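To start, the structure itself, in structure tokens.
Side chains are part of it too, since the values below use all heavy atoms of this structure and drop only hydrogens, waters and symmetry mates. Because the structure is a prediction, the values reported are computed rather than measured.
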Amino acid sequence: MDYSKRALREAGQGYAFMAPTLLVIGVFVLLPILYAVFLSFHRVQLLGGTSFEFVGLSNFVRISDDYRAGIALWNTFKYVIIVVPAQTMLALFLAATLNAGMKGEKFFRIIYFLPTLTSSAVLTLIFMWMYNQEGAFNQMLAFLGLPTYNWLNDPSVALTAIMIMNIWATAPFFMVIYLAALQDIPDSLYEAAELDGAGPIQKFWHVTVPLLRPVTSFAIIMGIIGTFQLFDQSYIFSGGSGGPSNSTLTVVLLIYQYAFDSAGRMGYAAALAFGLAFIILTATLLQRKLSKEETFY
């Protein structure tokens, strides 16, 4: 009897300590999710009077007939399959150079990491200035004898401009993670490989890369989640329109446009949000399935 009372008292104390966190999660995470589920099954009017009309699954069925949703999904897909591998490889390259004992390592570590510390909106405005017709990018291309581009208003290169900016801005975050993992690899493994006649490149591909597979898996999963949620850069670049010619329209930007327009499409925007969540979950689970190694050996 005393034992059960003590166990109950300890459990009560534990839940009391967790109560503030549980309250915050419930109010700011669980309730919004449940409300979004409610909205996705309704036609919602929030501007000029509030009304809810139950429409069942029609919001989800409507997605397949929305040509702008198809464009946004295709743009987001292109962005993901290019940015995620590029930023992962760049992060690994930067970490490997820092781990090689180059001179001024601490200085370069700070310089490399600065983009991650800078506000996304500020970075976007800086790159918009650099992407100007007479900006730094075109001047550099002209100096090298390469063709220049109308980065901001040409539909064929506008999304590429955002990709370049995001690869440069997000790779340093994963670089730090790679660098920590590289410094944790025992030197004895490299010495053993060297005794077997392995050169620097062979040691990198047959020792470093396999041991970094769990970190690579983490970087890819986080990259997939982050890139599918692209919004602010696209919004600032296009002024919220997703232009030119829907070339920078992403799924999250489309959700924003539908959620806050005057046509009462908040419910449809919620359905799109759940569709995006399903795609992210599927892509993440697929990546985890393809990556067999989850621990260091």
Any [X] side-chain heavy atom under 4.5 Å of [Y] side chain:
{"X": "Ser238", "Y": "Leu253", "result": "yes"}
{"X": "Leu276", "Y": "Val252", "result": "yes"}
{"X": "Tyr235", "Y": "Thr124", "result": "no"}
{"X": "Phe174", "Y": "Leu92", "result": "no"}
{"X": "Leu230", "Y": "Val83", "result": "no"}
{"X": "Ile177", "Y": "Phe173", "result": "yes"}

Original post:
Do the side chain of Asn99 and the main chain of Ala95 share a donor and acceptor less than 3.5 angstrom apart?
Top reply: no
Review point. Between Asn138 (side chain) and Thr148 (backbone), is there a donor-acceptor pair under 3.5 Å?
Key: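 Absent.
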With under 30° as parallel and over 60° as perpendicular, where do the rings of [X] and [Y] fit, or are they tilted in between?
{"X": "Phe54", "Y": "His42", "result": "perpendicular"}
{"X": "Phe108", "Y": "Tyr112", "result": "tilted"}
{"X": "Trp168", "Y": "Phe127", "result": "tilted"}
{"X": "Phe41", "Y": "Phe60", "result": "tilted"}
{"X": "Tyr268", "Y": "Tyr258", "result": "tilted"}

Pair Tyr67-Asn246, side-chain donor/acceptor within less than 3.5 Å:
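Asn246 and Tyr67 do not have a side-chain donor-acceptor pair below 3.5 Å.
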Phe260 ring center within less than 6.0 Å of Tyr256 ring center
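Yes: the rings meet the under 6.0 Å criterion.
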